[in-house]
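Accompanying notes for the structure given below.
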Amino acid sequence: PPEFGHLPLIMNQDGTKLSKRQGDLHLESLRKAGYFPESVLNFVTLVGGGFCEKENDLDKIYSLEQLSELFNITHMNTHNCKIDLSKLELLNRTMLKRQLEDETKRPFVVKECLALILKKMNELNLTADNIDHESVLKYLLWAQDRITKPGDIVSDELLFLWHLPNKSEINVTISSDLIQEIAQLVSCQNNKELMKQLKLLSKTNLLKFPDLMQDIRLLITGRAEGPPILELIQILGKDKVIQ
């Protein structure tokens with residue numbers, strides 16, 4: 001007679017039962033959200049066991065053939081399993097990096113991101129700043145450790161890459177004259193010297209240095225939190241930062 005084995009029950013991260021009606025886990029939903037097929041496949045193998053050699057390896061993407069060779073039914077879990085979507089995010093980041101490293105696949109990722117950027121700009125009724133394949137690739141390579149899927153490149157946190165914020169819509173405490181002085185420093189100083197001069201400027205104007213840095217970041221990105229000022233200058237270039 002055949003032997004029967006039941007797969008473990010899959011639960012949500014909070015311990016509730018996984019529902020077939022859970023829309024965010026439908027393949028179509030995952031596809032639209034920007035998850036790669038390979039990422040989803042590898043993610044599924046992390047739920048329920050059977051692949052003990054790769055259960056904590058989120059920096060590698062296995063092919064279907066490799067997964068078939070790795071599977072061992074004796075490694076299946078006998079207890080309920082929780083589905084951890086954060087692992088899908090990490091696997092998708094790994095897959096995105098792999099595609100950016102592959103010269104044959106890189107143009108397709110750039111093309112997809114370019115379309116997403118233009119779509120986002122249109123939705124926000126904004127004009128994109130000099131977007132081309134070269135700049136999109138440059139920003140993607142810089143942001144690859146900050147994003148998990150192509151659509152993240154137009155998230156609120158990274159919108160400044162494609163459209164400079166409007167100064168009139170930003171609430172900063174520093175004066176226009178001081179802003180001009182900072183712009184002049186950015187244009188004339190190297191990075192190491194620039195930080196010294198900014199610290200001196202904050203002291204001269206009786207400003208707390210972190211507050212000054214926050215205002216500068218607000219002017220460049222439209223957000224109080226984000227990458228360090230020197231990193232922003234490096235990725236955007238002095239001309240764009242001064243602008």
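FYI, side chains are in, hydrogens and waters are out, and symmetry mates aren't considered; it's all heavy atoms of this structure. What you see is a predicted model; the values in this text were computed from it and never measured.
- With no hydrogens or angles considered, no side-chain donor-acceptor pair links S155 and D152 at under 3.5 Å.
- The side chain to side chain contact (heavy atoms under 4.5 Å, CB included) test applied to K82 returns M11, Q13, not counting sequence neighbours.
- E193 and Q197 share a side-chain donor-acceptor pair at under 3.5 Å.
- At least one side-chain heavy atom of L124 sits under 4.5 Å from a side-chain heavy atom of L159.
- Residue K17 comes nearest to L9 through the heavy atom pair CE-CD1, 4.4 Å, listed as atom of the first residue, atom of the second, then distance.
- Between the CG atom in L164 and the CG atom in L236 there is a gap of 7.5 Å [rounded to 0.5 Å].
- In this view, E69 satisfies the side chain to side chain donor-acceptor pair (under 3.5 Å) rule with no residue, not counting sequence neighbours.
- Around CZ of F108, the count of heavy atoms belonging to other residues, nucleotides or ligands within 6.0 Å does not exceed 12.
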| message | What verdict does the side chain to side chain contact (heavy atoms under 4.5 Å, CB included) test give for V241 and L219, after you've listed the backbone C-alpha separation in whole Å, the side-chain angles of each residue and the deciding distance to 0.1 Å? | response | CA-CA 9 Å; V241 168; L219 289 165; over 6 Å; no
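- Atom CG of N171 has 12 or fewer heavy atoms from other residues, nucleotides or ligands within 6.0 Å.
- Under 3.5 Å, the side chains of D84 and S86 contain a donor-acceptor pair of N or O atoms.
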| Does the salt bridge (charged side-chain N to carboxylate O under 4.0 Å, His left out) test come out yes or no for K149 and E89, once each step is laid out? | CA-CA 8 Å; K149 45 191 180 295; E89 297 281 327; 3.8 Å; yes
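- With sequence neighbours excluded, the residues satisfying side chain to side chain contact (heavy atoms under 4.5 Å, CB included) with D14 are N12, T16.
- Counting only distance, with no hydrogens or angles, the side chain of D102 and the backbone of T104 share a donor-acceptor pair below 3.5 Å.
- Here Y62 contributes atom OH and T45 contributes atom OG1; the two are 9.0 Å apart, rounded to the nearest 0.5 Å.
- A donor-acceptor pair under 3.5 Å links the side-chain atoms of R217 to the main chain of P227, judged by distance alone.
- Counting heavy-atom neighbours within 6.0 Å of E28 CD, excluding the residue itself, gives a total above 12.
- Rounded to the nearest 0.5 Å, atoms CG (L230) and CD1 (I235) are 13.5 Å apart.
- Panel note: side chain S68, backbone L64; a donor-acceptor pair is recorded below 3.5 Å.
- For K138, the NZ atom is densely surrounded, since the number of other residues' heavy atoms within 6.0 Å is greater than 12.
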| query | What do the steps show when you test R146 against E231 for salt bridge (charged side-chain N to carboxylate O under 4.0 Å, His left out), and what is the final call? | reply | CA-CA 14 Å; R146 301 173 183 270; E231 190 174 347; 2.7 Å; yes
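- Of the possible donor and acceptor atoms, none in the side chain of S29 sits under 3.5 Å from a partner among the backbone N and O of L25.
- Between T94 and L58, the shortest heavy-atom distance links the atoms OG1-O, 2.7 Å.
- Between A143 and L158 the shortest heavy-atom distance is CB-CD1, 4.3 Å.
- At most 12 heavy atoms of other shown residues, nucleotides or ligands fall within 6.0 angstrom of atom CD in E225.
- For N205 (side chain) and L201 (main-chain N/O), a donor-acceptor pair under 3.5 Å exists by modelled atom type.
- Crowding of K111 atom NZ: a count of heavy atoms from other residues, nucleotides or ligands under 6.0 Å not exceeding 12.
- Residues L137 and L114 share a hydrophobic cluster, clusters being chains of Ile/Leu/Val/Met/Phe/Trp/Tyr side chains in contact below 4.5 Å.
- Side-chain atoms of N92 come within 3.5 Å of backbone atoms of T148 as a donor-acceptor pair (strictly under, hydrogens ignored).
- Sequence neighbours left out, the pairs with a member in residues 135-188 that pass ring-ring contact (aromatic ring centres under 6.0 Å, His included) are Y139-W162.
- Atoms CZ and CE, on F51 and M76 in that order, are 8.5 Å from each other to the nearest 0.5 Å.
- Side-chain contact between L212 and I182: present, with at least one pair of heavy atoms (C-beta onward) separated by less than 4.5 Å.
- A distance of 12.5 Å separates CG of N42 from NZ of K87, quoted to the nearest 0.5 Å.
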| query | Going through the distances and angles, do E101 and K97 end up as a salt bridge (charged side-chain N to carboxylate O under 4.0 Å, His left out)? | reply | CA-CA 6 Å; E101 290 169 1; K97 286 183 177 181; over 6 Å; no
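- Residues passing the side chain to side chain donor-acceptor pair (under 3.5 Å) test with E38, sequence neighbours excluded: none.
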| field | Verdict with supporting geometry, I233 and L194, side chain to side chain contact (heavy atoms under 4.5 Å, CB included) | value | CA-CA 11 Å; I233 294 172; L194 175 62; 3.4 Å; yes
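- Annotation for C113 and V136: closest pair CB-CG1, 4.0 Å, computed over non-hydrogen atoms.
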| Stepwise side chain to side chain contact (heavy atoms under 4.5 Å, CB included) check, L91 with I61 | CA-CA 7 Å; L91 284 167; I61 300 292; 4.0 Å; yes
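- Of the possible donor and acceptor atoms, one in the side chain of K238 sits under 3.5 Å from a partner among the backbone N and O of V186.
- Annotation for I73: atom CD1 does not count as buried by contact number, only 12 or fewer foreign heavy atoms lying within 6.0 Å.
- A distance-only check finds a donor-acceptor pair linking the side chain of Q144 to the backbone of L141 [under 3.5 Å].
- L30 and L116 fall into different hydrophobic clusters, defined by Ile, Leu, Val, Met, Phe, Trp and Tyr side-chain heavy atoms under 4.5 Å apart, directly or through other members.
- In this model, no donor atom of one side chain and acceptor atom of the other lie less than 3.5 Å apart for T173 and D211.
- Rounding to the nearest 0.5 Å gives a distance of 5.0 Å between CG of L96 and CD1 of I147.
- Looking at residues two or more places apart in sequence or on another chain, you find no ring pair (Phe, Tyr, Trp, His ring centres under 6.0 Å) involving F36.
- Nearest heavy atoms, N77 versus G49: ND2-N, 3.6 Å.
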